[in-house]
Every structure is written in structure tokens, then in C-alpha cells.
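Working notes, beginning with the structure itself.
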Amino acid sequence: MFITPDFRRARRIPFNLICAVLICVAASQAATADELAVWNFNDSNLNVDHGSGTLTTTINAANVSFAAGTTNNARQGDLAGQALSLQGGTGTANNGRNITFNVSTLGFSNIIVSFATQGTSTGFNSNQFQYSLDGISFIDFGPPYVPATAFGTVPIVFSLAAIVGLNDNPNAAFRIVFNGATSSTGNNRIDNIVVEGTSTESATIPEPASVLLLLSGLGGIYKIRRKKMAKERAATERRPNHCT
Ligand SMILES: [Ca+2]
Ligand SMILES: [Ca+2]
């Protein structure tokens with residue numbers, strides 16, 4: 001007695017699997033292509049929360065803490081949670097100190113850095129944003145910024161598209177130098193630091209229309225193969241069965 005394999009079932013799984021993989025790949029690329037690193041501080045540490053990067057600070061450890069955050073500039077559905085809070089410190093020793101975040105921009109251009117911030121009246125009120133092409137030497141970018149007294153809804157944004165040396169650079173780094181604190185407890189909060197860019201490989205990412213075209217092509221191949229298998233199966237069934 002012959003055992004007849006279920007060709008329809010056997011062939012449907014690979015085709016569906018191919019479709020699912022293609023759709024997932026396209027969707028994941030579209031969703032994550034732009035954000036290289038995000039710090040939301042909701043876990044009350046300096047470790048990056050989405051993407052890749054490292055954040056360090058020269059502020060005295062005793063003056064680095066975490067306090068209520070904001071959804072201003074939040075990404076990927078992040079809650080307000082906590083924010084990084086930096087104090088002036090004893091003798092306002094932290095004036096002139098910084099936070100530095102190193103983020104590789106390999107494969108990306110048009111780099112943009114943004115974050116939400118607020119400051120108390122005696123906190124740092126003259127903060128200089130800088131960038132680095134080698135992670136060692138830092139260059140001022142724009143004039144110092146003054147934090148608002150509340151996070152509000154509009155982030156501070158530094159568009160670095162004109163700094164071509166930051167494109168596709170594994171040593172790219174960014175820094176905020178804090179100044180102007182006039183008391184030990186005066187502070188700034190920072191939340192939702194985002195480093196983002198445009199993928200230089202976006203031309204190779206299939207557009208939705210291309211994915212549909214590819215899927216319809218695969219569908220055509222699948223139908224042709226099914227017809228061929230059906231003919232072969234019919235021919236097999238017409239042949240005399242010599243088995244006993
Ligand atoms: Ca937060
Ligand atoms: Ca974290």
C-alpha cells in the first residue's frame with residue numbers, strides 16, 4: 001500500500017514562512033532604522049535603554065540621582081518614569097563638568113541629538129552641547145542653552161546633518177558641559193536623550209510596494225508548482241498498482 005504524502009500541507013508551510021519572514025524583516029527595519037540610542041532613565045541608571053551606546057559623567061557621584069521624568073521626547077511608548085538629575089554640588093564643584101554619550105553612527109547620516117530638560121533657578125543655566133568625531137576632542141555646537149523651569153512638551157534638538165564627519169562614524173560622541181549653577185542643590189533634570197539618523201542603506205530596504213510585488217511573485221511560483229505537483233500526482237494515481 002502506498003502512503004500518499006499531503007503535498008498541499010507540506011508546501012504551504014515554507015511559503016507562509018517566507019511571507020512571515022519577509023514581512024517581519026521589512027517591519028523591523030522600518031521601525032528601528034532611525035533611532036541609534038535612547039536613554040529614558042526609567043530604570044534609574046546610565047545604561048542605554050534602546051539601541052547601543054554608553055553614557056558617562058564627570059559630575060560627582062553624590063550629585064547624580066534620578067527624579068520624576070517626562071514623556072517629552074519619549075520614544076517607543078516609553079513612560080515618563082524617571083529622569084537623570086544633576087546637582088551643582090558642594091561649592092558648585094560640578095560647574096564645568098559634563099555628561100558624555102558615545103554612539104556609533106556606522107551606517108547612518110544626518111545625525112540628530114535631542115532630549116527633554118528642566119532646571120531649577122539655582123541649577124545649571126548655561127549648558128554647552130558638543131560633538132566629537134574621535135571620542136577624544138570635543139567641539140562646541142551652537143550657543144549654550146538655558147533649560148526651562150519645566151520639561152514642557154518641546155525637546156531641545158541639535159541637528160548635526162551639516163557635520164559630515166559624524167556620518168558613518170564608529171567613534172562619534174556627544175557631550176553636554178554644565179555651567180552656571182549657584183547652589184549645591186540647584187539641579188537640572190534630563191530625560192529621553194535620543195541619538196538618531198538616516199540609514200545610508202535605506203535604498204536597499206524594500207519598500208512596502210516592493211515587498212507586495214515580491215510576495216505576489218512568490219505566490220505565482222507557488223501556484224505553478226502546485227499545478228505541476230497535481231499533474232504528477234494524477235499521473236501517479238493513473239499508473240497500475242503492482243503492490244499487493
Ligand atoms: Ca524617563
Ligand atoms: Ca537605563
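Each ligand, and each atom within it, is numbered from 1 in the order the structure gives.
Contact annotation: Ala80 places an N, O or S atom under 3.0 Å from the Ca ion (ligand 1). Among the backbone and side-chain atoms of Asn40, an N/O/S atom is found under 3.0 Å from the Ca ion (ligand 1). Among the backbone and side-chain atoms of Thr70, none of the N, O or S atoms lies under 3.0 Å from the Ca ion (ligand 1). Contact annotation: Gln82 places an N, O or S atom under 3.0 Å from the Ca ion (ligand 1). At least one N/O/S atom of Asn47, whether from backbone or side chain, sits less than 3.0 Å from the Ca ion (ligand 2). Among the atoms of Asp191, an N, O or S atom falls under 3.0 Å of the Ca ion (ligand 1). Residue Ser44 does not count as close to the Ca ion (ligand 2), with no N, O or S atom under 3.0 Å.
A donor-acceptor pair under 3.5 Å is absent between the side-chain atoms of Asn102 and the main chain of Ala173, judged by distance alone. Using a distance-only test at 3.5 Å, with no hydrogens or angles considered, no donor-acceptor pair links the side chain of Asp140 to the main chain of Pro143.
The two residues Asn169 and Leu133 come nearest to each other via the heavy atoms ND2-O, 2.8 Å.
The closest approach of Asp43 to the Ca ion (ligand 2), by N/O/S atoms, is made by OD1.
Centred on the Ca ion (ligand 2), the OD1 atom of Asn45 and the OD1 atom of Asp49 lie at an angle of 160°, reported to 10°.
Side chains of Arg189 and Ser85: a donor-acceptor N/O pair is absent below 3.5 angstrom, by distance only.
Between Ile136 and Asn171, every side-chain heavy-atom pair lies at or beyond the 4.5 Å cut-off.
For Phe151 and Phe115, the ring centers are positioned 6.0 Å apart or more.
The aromatic rings of Phe141 and Phe129 lie perpendicular to each other, with more than 60° between the two planes, well past the 30° mark.
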